[in-house]
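Following: one structure in structure tokens, then a few remarks.
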Amino acid sequence: MRFEGKTVLITGGTSGIGRAAAEQFGDQGAEVIVTGRDEMRGREVVTTIESAGGRARFIAADLSQPGGAQQLADAAGEIDVLVNNAGIFPFGASHEIPIEDVKAVLDFNVVTPFTLVAALVPGMVQRGSGAIINVSTMVASFGLPGMSAYGASKAALELLTKAWAAEYGPAGVRVNAVSPGPTRTPGTAAMGEEGIKQLAATLPLGRAADASEIANTIVFLASDDASFINGAIVPVDGGRVAV
């Protein structure tokens, strides 16, 4: 049990990559705090983890609302691992996206993780250990039509990953990110099956990922098996980084 005695907070933990990670952490001994807006889905994840012999609880949190991230941090209390997984991703040409939507993406994908880290990392520093994993995207590294706002927000999160690794690494807190390629989740279903297939066709592996494949890397980075990895952006993109 790699996470026995550890508490893990996962934003957006009620579906997709977040749910897959929550279930894996639960299987490996962690007490998992699942967050999201949908209480029914949250309770379902908790039940799944508990049915497998794990420990979990759900905190309803709307991170799009002012103060939502701070309220979540206050409710979660002391944690050992933070997974900043929740994100929003409007698609469309830059001239077609309302500026209000751009601001919302930056607020949700950048300011929310920043707020959670600022609130929760002092406790990790005090205890001399902790891990933060940010979920980015492969389009933070190259331009893709229709994903300008989303890619820019995640590029900012990747820079924050490196800055936090430099700031808090000396105190024993490791900060890393995963950079997924196209992954089949309820969130990416908005792209449509054809959109997913077209994006997956650009990868050397030629297919989209399952959420559990991204979760595997999140859990690894949070574990002591990754004890000397800090400030890394780990591509889990089917080889897109190679072409």
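A side-chain donor-acceptor contact under 3.5 Å links S179 to the backbone of T137. At least one donor-acceptor pair under 3.5 Å links the side chain of R174 to the backbone N or O of I229. N85 places a side-chain N or O within 3.5 Å of a backbone atom of G12 that can act as its donor or acceptor partner. Proximity of a side-chain donor or acceptor of R240 to a complementary backbone N or O of V139 within less than 3.5 Å is not detected. S15 contributes no side-chain N or O that, together with a main-chain N or O of G13, makes up a donor-acceptor pair within less than 3.5 Å. Here the side chain of N109 pairs a donor or acceptor atom with the backbone of I88 at under 3.5 angstrom. Judged by distance alone, the side chain of D80 and the main-chain N or O of G130 form no donor-acceptor pair under 3.5 Å. A donor-acceptor pair under 3.5 Å is formed between the side chain of N230 and the backbone N or O of A165.
R43 and E39 are joined by a salt bridge, as a carboxylate oxygen and a charged side-chain nitrogen come within less than 4.0 angstrom of each other.
Between R55 and G29, the shortest heavy-atom contact is NH2-O, 3.3 Å. Heavy-atom minimum distance, V8 versus I10: CG1-CG1, 3.8 Å. Across all their heavy atoms, G77 and L120 have their closest contact at O-CD2, 3.6 Å. Summarising the geometry of Q24 relative to S212, their closest heavy-atom pair is NE2-O, 3.4 Å, with the distance given to 0.1 Å. Across all non-hydrogen atoms, the minimal contact from A56 to E50 is O-OE2, 3.4 Å. Nearest heavy-atom pair across T202 and V243 is O-CG2, 4.1 Å.
In this structure, T35 OG1 and I59 CD1 are separated by 7.5 Å, a value rounded to the nearest 0.5 Å. Note that CG of N176 is 11.5 Å distant from NZ of K162, once rounded to the nearest 0.5 Å. Atom CG of N134 is separated from atom CG of L82 by 7.5 Å, given to the nearest 0.5 angstrom. The CG atom of L9 sits 11.0 Å away from the CD atom of E31 when rounded to the nearest 0.5 Å. Here the CD atom belonging to E23 is positioned 6.0 Å from the CD1 atom belonging to I49, to the nearest 0.5 angstrom. To the nearest 0.5 Å, atoms NZ (K6) and OG (S129) are separated by 4.5 Å.
Shown here is R57, whose CZ atom has more than 12 heavy atoms of other residues, nucleotides or ligands within 6.0 Å.
When the options I218, I133, V219, I132 are evaluated for a side-chain contact (heavy atoms from CB on, under 4.5 Å) with V81, the one that passes is I133.
Put simply, V241 and I214 are part of two different groups of oily side chains (I, L, V, M, F, W, Y) that touch within less than 4.5 Å, one to the next. The hydrophobic cluster containing V83 also contains F3, counting ILVMFWY residues as joined when their side-chain heavy atoms lie under 4.5 angstrom apart, directly or transitively. Follow the hydrophobic side-chain contacts under 4.5 Å out from V178 and you reach V32 in the same cluster. Linking ILVMFWY residues whenever their side-chain heavy atoms come closer than 4.5 Å, directly or via other members, places F142 and F89 in the same cluster. The hydrophobic clustering, which links ILVMFWY residues whose side-chain heavy atoms are closer than 4.5 Å, places V45 and L72 apart.
The shortest side-chain heavy-atom distance between Q71 and Q65 does not fall under the 4.5 Å cut-off. Looking at heavy atoms from C-beta onward, L221 lies in side-chain contact with V234 at the 4.5 angstrom threshold. At least one side-chain heavy atom of L203 sits under 4.5 Å from a side-chain heavy atom of M138.
Side-chain contact of R19 with T48: a donor-acceptor pair under 3.5 Å is present, judged by distance alone. Using a 3.5 Å distance cut-off with no hydrogens or angles, the side chains of D38 and T14 do not pair a donor with an acceptor.
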Under the side-chain contact (heavy atoms from CB on, under 4.5 Å) rule, what do W164 and V117 come out as? Steps first, then yes or no, please. CA-CA 9 Å; W164 291 332; V117 169; 3.6 Å; yes

Between T11 and L116, is the side-chain contact (heavy atoms from CB on, under 4.5 Å) condition met? List the steps. CA-CA 10 Å; T11 65; L116 289 173; 3.6 Å; yes

